[in-house]
Every structure is written in structure tokens, then in C-alpha cells.
Amino acid sequence: EDQVTQSPEALRLQEGESSSLNCSYTVSGLRGLFWYRQDPGKGPEFLFTLYSAGEEKEKERLKATLTKKESFLHITAPKPEDSATYLCAVQAPRSGGYNKLIFGAGTRLAVHP
Amino acid sequence: NAGVTQTPKFQVLKTGQSMTLQCAQDMNHNSMYWYRQDPGMGLRLIYYSASEGTTDKGEVPNGYNVSRLNKREFSLRLESAAPSQTSVYFCASSEASGTWKFFGPGTRLTVL
């Protein structure tokens, strides 16, 4: 069964304390892995797409990496404004007319000054 | 350029009542989607529309119907609301079904 698991469920960091969020997946024939950021009361906002093992993408203090079984979102020297829920989604092979997208439950990140 | 807009932002219904959630996008995207988000679970696809004039069921379509009114608008209807439909509903759009999605701000629905 296609599945996406994110860990930890919640993470509390001090400002400047670097860490990583994990997204592990089981899907046959990965078509892409997406990272989104979601602020409270708002819709998810796209961050990165990764397509193949070894690929990396960076944006400000965030860097996403991909292996054959998991992805990491590394946060370097986080600031309070990085506090949000981070969602991972995996795109499975096309089924019918749709590229199925499977979301994880997310990691709630709180960065304290 | 507003992106994806949704109305209403909040709604409270009684069991058995009906309502329609509205969604519009101004990015000329072909594909549109309705998701629901429940605590502790990932976003789940209710219905999608790969292009204007087509709609298909997603993972959790029971109790819902959709209409792709034109390329911009995609509505979600609850014919007879049930407490299990209490959730936050997100509309999204993308250029094609395999590309990353723009999400709307969500509708928080409570069914009593």
C-alpha cells in the first residue's frame, strides 16, 4: 500500500538550532516528492519538488534532499518565522486519469526566540 | 492576481442540511481539486477535474458532488451533511495533474 509517514509529529527548536524533518514513503514508481509549508488557518504553500534520488533543492534556510525511501527537510539556523506545519506529499504512478498524490500528516515546527 | 479563492471561510450546518463550497482560480490552470484535511491525517482527495468539462472521484468521494462550471470555477456540494463531514476543505489548482498545486485558504466546516 502506498504510504507517507512524517516524523516527528511535532518539533520545538530554539532560534538558531538546526534540525531535520523526515518523510519516509513506500510507493512503487515515485513520480515526484513535494514539500509544502502550511501556516495556521491557511492553505499549504509549495516549497520544493524532488524527482530522483540524490537530488537537492534549497530555499533560504531550507534544504530538501531525496533518497530512494525518504526525504529530509533540513532547517539551518531557524527563525521564529519558520514556525509552521511542513507537509510532504508523494506522487504515485498515474492511475486512470490522475497522478495520485499521497500526503503525510505533517510535522508541526515551533521555533522559539 | 488572487490565486485560488474559496467561499465561505467558515460554515456551521445541521445534520441533513445542504451547501455548496465555491472555488475559483485566476491562473488559467487546467486541473482543479477538492481536498479535506482532518487532524492527524494527510490531505485526502475528494474529487478532481483534470480539465474543463471533466470530473472524477478521488479517495473519499462519498457524500459529495462537484461541478466544473468553467475553466476558472470548481464547486463542491454536500447534499445532506453529516457530522463525519466536519473538516477543513481546500480547493487547489495546477497546470496539469502531475505538477505542484496552488491551494486556496480553506473552508472550515462544522456539521452538528
Side-chain angles (χ1 to χ4, degrees), chain A residues 1-10 21-27 29-51 55 57 59 64 71 84-108, chain B residues 2-7 9-10 21 23-25 27 29-61 66 68 87-108:
Chain A
E1 181 188 351
D2 297 332
Q3 198 167 2
V4 176
T5 303
Q6 291 188 246
S7 61
E9 287 186 15
L21 313 183
N22 177 262
C23 171
S24 63
Y25 61 90
T26 54
V27 63
L30 179 73
R31 292 290 185 265
L33 186 142
F34 301 82
W35 281 99
Y36 288 86
R37 170 192 171 126
Q38 185 174 22
D39 292 302
K42 296 191 176 181
E45 178 184 344
F46 172 74
L47 291 173
F48 304 110
T49 308
L50 302 166
Y51 290 105
E55 189 175 358
K57 293 274 180 73
K59 180 180 180 180
S71 176
T85 296
Y86 290 86
L87 305 176
C88 170
V90 167
Q91 191 151 285
R94 198 174 183 89
S95 174
Y98 173 63
N99 290 288
K100 185 179 180 182
L101 195 62
I102 306 154
F103 280 87
T107 293
R108 292 191 314 278
Chain B
V4 179
T5 57
Q6 293 182 236
T7 56
K9 290 191 176 182
F10 300 93
L21 282 65
C23 173
Q25 52 93 7
M27 295 170 284
H29 285 165
N30 289 311
S31 302
M32 297 186 73
Y33 314 81
W34 278 104
Y35 287 90
R36 61 177 289 172
Q37 186 175 42
D38 300 295
M41 302 183 71
L43 286 154
R44 291 181 293 168
L45 182 67
I46 304 170
Y47 270 93
Y48 68 98
S49 171
S51 61
E52 185 179 357
T54 68
T55 60
D56 282 292
K57 295 178 181 179
E59 303 168 67
V60 289
V66 291
R68 182 78 182 263
S87 187
V88 182
Y89 292 85
F90 290 101
C91 177
S93 71
S94 64
E95 287 188 359
S97 67
T99 59
W100 55 276
K101 297 167 177 50
F102 286 89
F103 283 84
T107 295
R108 186 173 295 273

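Everything quoted here is computed from the prediction, not taken from an experiment. Chain letters run A, B, ... following the sequence lines, proteins first, then strands; residues in each count from 1.
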Tell me whether [X] at atom [atom1] has more than 12 heavy atoms from other residues, nucleotides or ligands lying less than 6.0 Å away.
X	atom1	answer
Arg108(B)	CZ	no
Glu59(B)	CD	yes
Lys57(B)	NZ	no

Tyr36(A) versus Lys101(B): any side-chain heavy-atom pair under 4.5 Å?
yes
Please give me the minimum heavy-atom distance between Leu87(A) and Gln37(B), naming the atom from each residue.
CD1-NE2, 4.3 Å
Minimal non-hydrogen separation, Gly40(B) against Ala105(A), with atom names:
O-CB, 3.6 Å
For the side chain to side chain contact (heavy atoms under 4.5 Å, CB included) test, which of Phe90(B), Tyr35(B), Phe102(B) pairs with Pro44(A)?
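Exactly one option meets the side chain to side chain contact (heavy atoms under 4.5 Å, CB included) with Pro44(A), and it is Phe90(B).
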Parallel, tilted or perpendicular, judged at 30° and 60°: which one describes the rings of Phe46(A) and Trp100(B)?
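It falls in the parallel class, under 30°.
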